[in-house]
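Worksheet: one structure, shown below.
All values below were derived from every heavy atom in this structure, side-chain atoms included, with hydrogens, water molecules and symmetry-related copies excluded. All of these numbers come straight from a predicted model, not from anything done at the bench.
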Amino acid sequence: MQPQKTLKNKLSCLVITIFIVCLNFPLFSSVHISISNPDYTYYGVVPFKAYRYNLTDPHDPNTPYQLQASANMTLLSVVASEDNTNFVVYNLKTGKQISEGHLASMQNQYTLLPNGTFFKVVSDKIVSVLLIQYGSIPLSNVTNQPPHTFYTTVDGLYVGKKFVFMANEGSGGAANYMIIALEKSTVTITKEDNTVATISLDANAYKNYPFSAFRVYKIESTGNIMLQAGDIPGVGGDVHCFAVPCIEGGFVGKYFITKSITGYDERRDYGYRISATEDAKVTVYDLETKQVIKEYNVVGGVGIGIKPPGANAIFVQSDKPITLSLVHNGSIEQTHPLESGGFYGGPYAGYGEAVSFIGVRANEATELYLPVESLVEVYFFANQQTQVIIDDTTQTIDADNYFVYTIPGNHMIKSNKDIIVEINHWNGVPNFQGILFTGAIIPSIETVSINPTVTITHMGEGFPLMYIIIGSGVAAVAVIVGLLVMRRRSSKPS
């Protein structure tokens with residue numbers, strides 16, 4: 001009996017030892033991915049106040065507010081466009097790793113982030129990073145609101161010929177994604193299950209296309225295109241705001257294409273905001289008819305809000321560099337939807353917000369408008385020590401750090417290094433209001449100053465004027481096609 005007891009004691013000691021070892025070194029743990037010198041970096045912060053208070057009676061602004069909705073977590077999606085892509089998500093404040101992934105092409109991985117998390121994604125190859133206000137890992141066959149954003153290409157730009165991304169579409173087969181052709185293009189769309197669709201577009205044309213929620217797609221095009229998600233409400237519905245990248249590259253430029261709507265709510269204080277550091281003459285065209293909708297004189301440092309009527313998509317052209325954003329100014333007043341046959345809310349339910357990301361290029365003056373009746377939080381992220389000038393004040397940001405700014409109004413931003421700026425704003429009433437957003441693409445800080453190589457077809461009067469923008473940012477060629485044709489005809493003998 002003694003040998004059996006000794007054996008039992010030895011086995012018990014062995015089990016306890018293995019248990020202690022497993023507590024410290026999990027038996028099935030994987031080797032952590034280490035990216036000591038990342039090629040690409042993506043910064044952001046999850047909003048702290050992820051909730052919405054609505055009036056008890058949206059017909060009476062004097063009634064108390066009640067909690068309508070709230071969220072505790074936000075979803076971060078990382079999609080690879082190449083095989084053997086490695087990424088790591090860090091808490092920017094603590095430096096601790098949150099998650100990691102090793103992805104194949106068209107593979108997606110989710111990370112849930114609590115409210116108020118400052119994060120950094122580092123990768124050894126360009127990835128598509130989408131921040132979505134969705135509080136869990138999505139199950140199959142679920143739907144969600146589409147993000148309100150422009151997607152980046154496999155080169156990390158907003159203009160290109162190939163996109164690999166995760167879609168996030170609403171229910172009912174709504175086509176909330178717009179494929180914008182800058183050049184004549186044949187576009188091939190491949191879903192993660194290998195189903196394929198093809199569309200053809202002329203230059204300065206677009207197609208609204210329905211994607212499935214939480215599914216990965218690859219878009220390949222023979223010409224340069226852009227990809228925009230989301231919609232703009234008329235009467236009723238929340239206004240989800242976004243910044244519009246310019247065709248030439250970056251967010252400060254002379255040429256823009258974006259969604260619009262045929263009937264804006266004239267009572268609601270929202271619309272596109274044009275900002276400039278110097279006086280500019282801006283012409284807005286209907287992208288479908290190619291006709292001028294209206295011309296605007298923009299005062300430098302002041303800007304102008306516009307609601308271009310009668311168009312589903314617009315081409316915006318300026319003689320000086322400008323920035324363009326869809327903005328909700330913060331008031332909750334709107335046209336009563338029932339007056340238009342609608343069903344949403346009342347005259348005091350006009351909510352709107354923004355969570356959007358832009359790149360500010362080194363030494364490029366960028367005019368930024370922050371809605372004056374809104375609560376505002378703007379985060380400036382730097383990957384190296386950087387001096388940022390906001391109006392007349394200089395702020396130093398250390399590497400892998402940020403600075404937050406909360407003063408509404410017009411501001412001139414200038415930095416000595418490339419930076420990422422996250423712009424969050426939401427209704428200013430009540431003063432304890434929170435923000436519920438849809439989603440936004442986060443660009444890589446390393447691609448902020450890179451320009452696409454693209455041909456821009458001018459929308460001016462007469463014959464089209466074509467500009468070839470080289471990736472270095474130089475407008476290399478301007479060919480007036482009609483003039484050449486006229487000269488050739490005039491040279492023929494009569």
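- The backbone N or O of Ile304 sits nowhere less than 3.5 Å from a side-chain atom of Tyr272 that would complete a donor-acceptor pair.
- Cation-pi geometry between Arg267 and Tyr348 is satisfied (NZ or CZ under 6.0 Å from the ring centre, within 45° of the ring normal).
- The closest side-chain donor-acceptor pair between Thr335 and Glu266, if any, does not fall under 3.5 angstrom.
- Asp39 places no side-chain N or O within 3.5 Å of a backbone atom of Lys125 that could act as its donor or acceptor partner.
- Under 3.5 Å, the side chains of Asn108 and Tyr110 contain a donor-acceptor pair of N or O atoms.
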Could you walk me through whether Tyr134 and Phe214 pass ring-ring contact (aromatic ring centres under 6.0 Å, His included), step by step?
CA-CA 11 Å; Tyr134 195 87; Phe214 301 112; 5.0 Å; yes
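- Within 6.0 Å of atom NZ in Lys207, 12 or fewer heavy atoms from other residues, nucleotides or ligands are found, so the atom counts as exposed in its surroundings.
- Glu353 contributes no side-chain N or O that, together with a main-chain N or O of Asn424, makes up a donor-acceptor pair within less than 3.5 Å.
- With no hydrogens or angles considered, no side-chain donor-acceptor pair links Asp286 and Gln291 at under 3.5 Å.
- A donor-acceptor pair under 3.5 Å is formed between the side chain of Thr222 and the backbone N or O of Thr186.
- Of the N and O atoms on the side chains of Ser331 and Glu333, not one donor lies less than 3.5 Å from an acceptor on the other residue.
- Checked by atom type and distance alone, the side chain of His425 never pairs as donor or acceptor with a backbone atom of Val327 at under 3.5 Å.
- Proximity of a side-chain donor or acceptor of Asp124 to a complementary backbone N or O of Asn86 within less than 3.5 Å is detected.
- Ring geometry for His458 versus Tyr255: interplanar angle over 60°, hence perpendicular rather than tilted (30 to 60°).
- In summary, the aromatic rings of Tyr379 and Phe118 are positioned with their centroids under 6.0 Å apart.
- Remark: Asp279 CG is packed, more than 12 non-hydrogen atoms of other residues, nucleotides or ligands lying under 6.0 Å away.
- Every residue meeting the side chain to side chain contact (heavy atoms under 4.5 Å, CB included) condition with Thr406, not counting sequence neighbours, appears here in chain and number order: Glu377, Val404.
- A salt bridge links Asp202 and Lys184; the closest N-O separation between the charged side-chain nitrogens and carboxylate oxygens is under 4.0 Å.
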For Tyr270 and Tyr264, what are the C-alpha separation, side-chain angles and deciding distance, and is it a ring-ring contact (aromatic ring centres under 6.0 Å, His included)?
CA-CA 9 Å; Tyr270 76 123; Tyr264 284 86; 5.6 Å; yes
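- In summary, the aromatic rings of Phe163 and Tyr217 are positioned with their centroids too far apart to meet the 6.0 Å limit.
- Taking the six-membered ring where tryptophan is involved, the planes of Phe380 and Tyr405 are perpendicular, since the angle between them exceeds 60° and thus also 30°.
- One side chain, Ser212 or Lys191, offers a donor N or O that lies under 3.5 Å from an acceptor on the other.
- With hydrogens and angles ignored, the 3.5 Å screen pairs no side-chain donor or acceptor of Thr117 with any backbone N or O of Phe119.
- In this structure, Phe165 has its ring center closer than 6.0 angstrom to the ring center of Phe211.
- Using a 4.5 Å heavy-atom threshold, the side chains of Val252 and Glu367 count as separate.
- Summarising the local packing, NZ of Lys290 is surrounded by more than 12 heavy atoms from other residues, nucleotides or ligands at distances under 6.0 Å.
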